[in-house]
Every structure is written in C-alpha cells, then in structure tokens.
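Keep in mind that this is a model prediction, so the values were computed, not measured. Counting starts at 1 for both ligands and their atoms, following the listed order.
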Amino acid sequence: MSVVLVTGGSGLVGSAIRAYVEGPGAACASGETWVFLSSKDGDLKVRADCEAIFARHRPTHCIHLAAKVGGLFANMREKVEFYRENIMMNDNVMECCRLHGRDGKVAKLVSYLSTCIFPDKTSYPIDETMLHAGPPHPSNEGYAYAKRMVDTMNRAYTEEYGCNFTSIIPTNIYGPSDNFSIENGHVIPGLIHKCYIAKRDNTPFVIWGSGTPLRQFMYSSDLAELTVWVMREYHSPDPIIVSVDESAEVSIKDVALSVAKAMKFEGEVVFDSSKADGQFKKTAGNKKLRGLRPDFEFIGIEEGIQKAVDWFNANYETCRK
Ligand code: NAP
Ligand code: GDP
C-alpha cells in the first residue's frame with residue numbers, strides 16, 4: 001500500500017494535483033492513498049509539527065510543495081523570510097522523509113524548485129546542469145538560495161543515506177486556487193485581479209514594469225499530471241525542468257493583453273515603468289522532459305488564461321486575494 005503525502009496540498013499546485021488524482025478519470029492508482037496537507041495540519045517550519053504529521057500518516061511517498069511563495073515584489077521586500085521559512089520547511093521535510101516513512105524512510109521525495117533560482121547571468125536556454133553556476137537575480141536571492149539547497153541536499157541524502165530524493169524545476173505556474181493578491185502574488189493572478197477591478201470600477205488596467213520581460217507559463221493541471229508522473233517514473237536525484245517549450249515563451253505585455261481579452265475588458269491599458277521588471281528572461285529548455293515525454297501536450301496560454309479568468313470570476317468572493 002502507498003501513502004502519498006502532499007505538503008502544500010491546499011495551494012495552487014496542490015489543488016491541481018488533488019483534482020488530477022481525485023477528479024473525473026481519477027489518476028489515483030489502486031492501493032494508493034493521497035493525503036493533502038495545509039498549514040492547518042501543522043507548521044512545517046516547526047520540527048515537532050512536521051514529525052507529528054509524519055508519525056500520523058507514515059507516508060511511503062512525499063510531494064513537497066509547501067513553501068513561502070510570492071511574486072517579484074514580495075520577493076524583493078522579504079528576502080529574509082523567503083530564505084528562512086523555506087530553509088526551515090525544506091530541512092524538516094527532508095529529514096522527516098529520511099527518518100519517519102512507512103518502512104523506516106520515505107521511498108520517494110519530490111520537491112519543487114523554480115526556474116527563477118537559476119543564475120542571472122547565463123546562456124540560454126537554461127538546463128538542469130546550470131543551477132549553481134553563478135548568483136541568482138538579486139531580486140529573489142533569499143528564495144533562490146533556500147531552493148538551491150534542496151538540490152544540494154537531494155544529492156547528499158542519496159549519497160549518504162541511499163534516499164530517493166529528487167526535484168522538479170517548474171516555470172511560472174497559474175490556474176485555479178492561485179494567490180490573487182495584487183501586492184504579493186505572481187504576475188498572472190495579479191493581472192487577473194487588477195483587470196477585474198479595472199473593469200468593475202471603469203479605471204485603467206495598470207501593468208507593472210515595461211511589459212517587455214519574457215516568461216514561460218504553465219497551467220497548473222499540466223504540472224499536476226507531470227508531477228505525478230515524476231513521482232512514479234523519474235528516479236534520479238538530479239532535477240528535471242518541467243516546462244512548456246521555448247517557443248511558448250511570451251512577453252508580459254502579451255500576457256496582459258490576453259488577460260484583458262479573457263476578462264472582456266475594453267478600457268485603457270497602462271504600463272507603470274516606475275515598477276521593477278525583474279529578470280528580463282529565464283528561458284528554460286525542456287530537452288530532458290521531452291526525451292522522456294515527447295508527446296505531452298501543454299494547454300496553450302490563451303486557453304489557460306481564459307480558464308483562470310473564468311475560475312477567478314466564479315470564485316471572486318472566496319478566493320485567496
Ligand atoms: P501556494 O499556492 O502559495 O501554496 C503554498 C502551500 O504551502 C499552501 O498549501 C500553504 O498552506 C502551504 N504552506 C505555506 N507555509 C506553510 C507552513 N509554514 N507550514 C505548512 N504549510 C505551509 O504555492 P504554489 O504556487 O502552489 O507553489 C507550490 C510549489 O511550487 C512551491 O514550492 C513553490 O516554491 C513552487 N513554485 C511555484 C511557482 C508559481 O508560479 N506559483 C513557480 C515555480 C515554483 P495554506 O493554504 O494553509 O496557507
Ligand atoms: P518572476 O517571474 O519570478 O519575475 O515573478 P512574477 O510572476 O511576479 O512576474 C514578474 C514580472 O511581471 C515582472 O516583469 C513584473 O514587472 C511584471 N508584472 C506586471 N504586472 C505585474 C503584477 O501585477 N504583479 C506582478 N507580480 N508582476 C507584474
């Protein structure tokens with residue numbers, strides 16, 4: 001019997017994995033029990049809480065999503081908290097996976113990194129071998145170094161204790177149950193929320209920065225499916241970039257215009273260039289993923305934004321914002 005413990009199970013990615021394994025055409029294999037945690041089940045920064053969770057569920061597998069997560073502007077403001085909270089959660093979860101699994105230790109741990117933690121000055125496309133080859137962009141140093149240590153420790157746990165720990169490196173993610181906070185969230189949920197208000201109040205829709213930076217965006221249900229596949233089929237401590245193709249990279253301006261279209265907003269669109277652009281681009285190559293999943297079809301950005309906008313409109317009163 002397998003017990004899959006998903007930390008951060010109430011967030012953007014966690015709720016997509018839950019929908020994938022429990023929803024129509026459920027991908028939950030027979031003999032598999034899935035447990036989706038939120039911070040209400042315990043604070044993973046606290047070792048005793050983490051140990052109690054592992055003692056209660058005795059997982060065979062763990063997908064570790066829980067993190068202090070935020071967009072560019074939150075990362076610039078709270079570098080200390082992004083570093084410390086993520087370091088604490090990651091250290092507790094990894095050590096509990098070593099010590100407290102169903103058969104002595106957890107058979108497989110999949111943690112999440114991010115393409116925004118790669119070196120700022122680099123050649124493109126970025127690949128998995130470049131993770132530590134230079135400092136990250138100064139805007140998210142705290143988050144980046146905390147996440148990079150997961151990769152270092154995956155190799156260390158594998159070498160020293162024979163653990164099967166690995167990590168996924170996703171690009172920007174969006175979808176239902178995202179954090180739609182304008183101040184703290186990522187660009188797509190922030191733009192969706194701002195466009196909603198602009199339409200409602202008949203005010204301009206303001207895009208922060210120049211709109212020229214480039215990003216690769218992945219709809220959360222695609223990532224959910226690929227994460228479950230990594231848990232079952234990908235066995236190496238070396239990370240795997242899970243991303244749409246390089247050709248799917250888009251500018252922030254194009255994303256904003258797609259949000260306006262999906263929201264049926266016809267008012268004025270304004271760029272506030274007094275706000276930071278962050279890293280210009282972080283183009284990730286997905287050669288390793290494509291070598292293993294050549295036919296996987298990602299949801300296109302226009303379709304994904306329409307789904308995310310529809311979800312936000314339908315859940316405006318109760319969603320995280
Ligand atoms: P999210 O929506 O912000 O969800 C965060 C989850 O972590 C929530 O379930 C939250 O629980 C839980 N959590 C936070 N602090 C906790 C604590 N101290 N103890 C226990 N649980 C805690 O995040 P997400 O966007 O799904 O991100 C999932 C993973 O993907 C993260 O590791 C993130 O770094 C990575 N990632 C995200 C993006 C992106 O664009 N979103 C891009 C690249 C990588 P509550 O709901 O109870 O607060
Ligand atoms: P990043 O991809 O890690 O840099 O993080 P974000 O998801 O926060 O995207 C930041 C990019 O989107 C920067 O170029 C910002 O200038 C731009 N941007 C435009 N409007 C917004 C907004 O409302 N919120 C956020 N977070 N970024 C915005």
Side-chain angles (χ1 to χ4, degrees), residues 6-18 36-46 49-50 53 63-76 81-82 84-86 88-90 92-93 110-118 136-137 139-140 143-144 146-147 150 167-195 205-218 220 223-224 227 241-243 251-253 255-256 259 270-282 284 320:
V6 182
T7 73
S10 54
L12 166 65
V13 179
S15 52
I17 294 178
R18 186 170 204 151
F36 292 89
L37 300 174
S38 77
S39 60
K40 292 194 188 85
D41 295 294
D43 182 349
L44 294 172
K45 299 194 298 300
V46 177
D49 284 17
C50 197
I53 287 169
I63 297 177
H64 174 41
L65 306 172
K68 180 170 172 65
V69 184
L72 169 64
F73 298 92
N75 269 281
M76 286 166 67
E81 290 72 23
F82 273 93
R84 294 193 65 241
E85 293 185 25
N86 285 315
M88 286 190 271
M89 279 188 245
N90 298 339
N92 285 334
V93 169
V110 181
S111 299
Y112 259 52
L113 312 183
S114 168
T115 51
C116 69
I117 71 172
F118 275 94
H137 192 270
S139 59
N140 70 345
Y143 178 80
K147 288 281 187 183
V150 171
S167 61
I168 285 176
I169 310 182
T171 45
N172 295 49
I173 311 155
Y174 68 106
S177 304
D178 209 338
N179 178 5
F180 291 90
S181 158
I182 292 174
E183 292 307 319
N184 297 322
H186 286 100
V187 57
I188 289 187
L191 289 175
I192 290 175
H193 193 176
K194 287 197 283 190
C195 192
F205 173 29
V206 182
I207 322 308
W208 290 344
S210 64
T212 56
L214 302 172
R215 297 287 184 270
Q216 287 154 295
F217 293 97
M218 197 170 9
S220 55
L223 184 55
T227 299
I241 290 176
V242 175
S243 166
S251 71
I252 298 296
K253 179 182 176 185
V255 166
V259 168
V270 175
F271 291 86
D272 178 355
S273 52
S274 71
K275 295 274 194 185
D277 267 345
Q279 210 167 349
F280 175 64
K281 66 175 186 175
K282 39 190 180 174
R320 211 171 11 147

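With a 4.0 Å heavy-atom cut-off, ligand 2 is reached by the backbone of Ala276 but not by any atom from C-beta on. By the criterion of a heavy-atom distance under 4.0 Å, both the backbone and the side chain of Asp43 are placed next to ligand 1. At a heavy-atom cutoff of 4.0 Å, ligand 1 is contacted by no atom of Arg215, backbone or side chain. Residue-level proximity to ligand 1 for Asp41 is absent, since no heavy atom of it falls below 4.0 angstrom. At a heavy-atom cutoff of 4.0 Å, ligand 2 is contacted by no atom of Lys275, backbone or side chain. The part of Thr171 lying near ligand 1 is the backbone, judged by heavy-atom distances below 4.0 Å. Under 4.0 Å from ligand 1, not a single heavy atom of Lys68 appears.
Given atom 20 (N) of ligand 2, the protein heavy atom at minimum distance is Trp208 N, 3.1 Å. Protein heavy atom closest to atom 2 (O) of ligand 2, with residue, atom name and distance, is Arg215 NE, 2.7 Å.
On a distance-only criterion, Tyr143 and ligand 1 share at least one N/O pair closer than 3.5 Å. The shortest N or O to N or O distance between Ile173 and ligand 1 is below 3.5 Å. Any N or O atom pair closer than 3.5 Å counts here, and His64 shares no such pair with ligand 1. On a distance-only criterion, Leu44 and ligand 1 share at least one N/O pair closer than 3.5 Å.
Each of the following atoms of ligand 2 lies closer than 4.0 Å to a heavy atom of Lys282: 1 (P), 2 (O), 3 (O). Within ligand 2, counting atoms from 1 as listed, the ones closer than 4.0 Å to a heavy atom of Gly71 are 8 (O). The distance from ligand 2 to the heavy atoms of Asn172 drops below 4.0 Å at these ligand atoms: 2 (O), 7 (O).
Among Leu191, Val187, Asn184, the residue whose heavy atom sits closest to atom 7 (O) of ligand 2 is Val187. Of the candidates Tyr174, Phe217, Tyr112, Tyr112 brings a heavy atom nearest to atom 35 (C) of ligand 1.
Using a 4.0 Å cutoff on heavy atoms, Glu85 does not count as a contact of ligand 1.
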